[in-house]
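What's counted below: heavy atoms across the whole structure, side chains too, no hydrogens, waters or symmetry copies. The first residue in the sequence is number 1, and the count goes up from there.
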Amino acid sequence: MLLCELCGRKQLALTRHHLFPRSRQKKPRFQRLHTKQEGMTEIAMLCKGCHGFVHQILTEKELEQSYHSIGALREHPAISKFVEWLSKKPPGFEPQLRR
């Protein structure tokens, strides 16, 4: 059974989150520091709630530079608090995120 890699809830539809945002992979800085293979294969499986919240809180540049691992995402104060709250919700619960 697949679990969301952030909140740990199961029995959810999961989405693919590129730990290195695709929009940043053609930037010279990314190409200097990482391989193309790394950019395409470093993927986390997240529930829609966690995935949406990550993109609501962090910019693509922040994701590329500082938050390109599950561990780093878990350490972000706002994401940590959200994940702790969401992990206690039932499997079918979908949080309403502000746009």
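- Across every non-hydrogen atom of Leu86 and Cys50, the tightest pair is CD2-SG, 3.7 Å.
- Applying the side-chain hydrogen bond (donor to acceptor under 3.5 Å, both in side chains) test to Ser80 and every residue at least two apart in sequence or in another chain returns nothing.
- Using a 4.5 Å heavy-atom cutoff, the side chains of Thr15 and Cys47 are not in contact.
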Using distance only, find each side-chain donor-acceptor pair of residues 87-95 under 3.5 Å and give its atom names and separation, not counting sequence neighbours.
residue: Ser87; atom: OG; partner: Val83; partner atom: O; Å: 3.3
residue: Ser87; atom: OG; partner: Glu84; partner atom: O; Å: 2.9

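- Using modelled atom types, no side-chain atom of Glu5 and backbone atom of Leu46 make a donor-acceptor pair closer than 3.5 Å.
- Between Phe53 and Phe82, the ring planes are parallel. Angles under 30° get that label, and only those over 60° would be called perpendicular.
- Atom CD of residue Gln65 and atom OG1 of residue Thr59 lie 8.0 Å apart, to the nearest 0.5 angstrom.
- When side chains are defined from C-beta on, Arg16 does not count as touching His51, because their heavy atoms never get closer than 4.5 Å.
- The two residues Ala44 and Ile70 make their nearest non-hydrogen contact at CB-CD1, 3.5 Å.
- Inter-residue side-chain proximity for His17 and Leu6 is flagged as unmet; no heavy-atom pair is nearer than 4.5 Å.
- In this structure, the separation between NE2 on His76 and CG on Leu63 is 9.5 Å, given to the nearest 0.5 Å.
- The two residues His68 and Glu64 have their closest heavy-atom pair at ND1-O, 2.8 Å.
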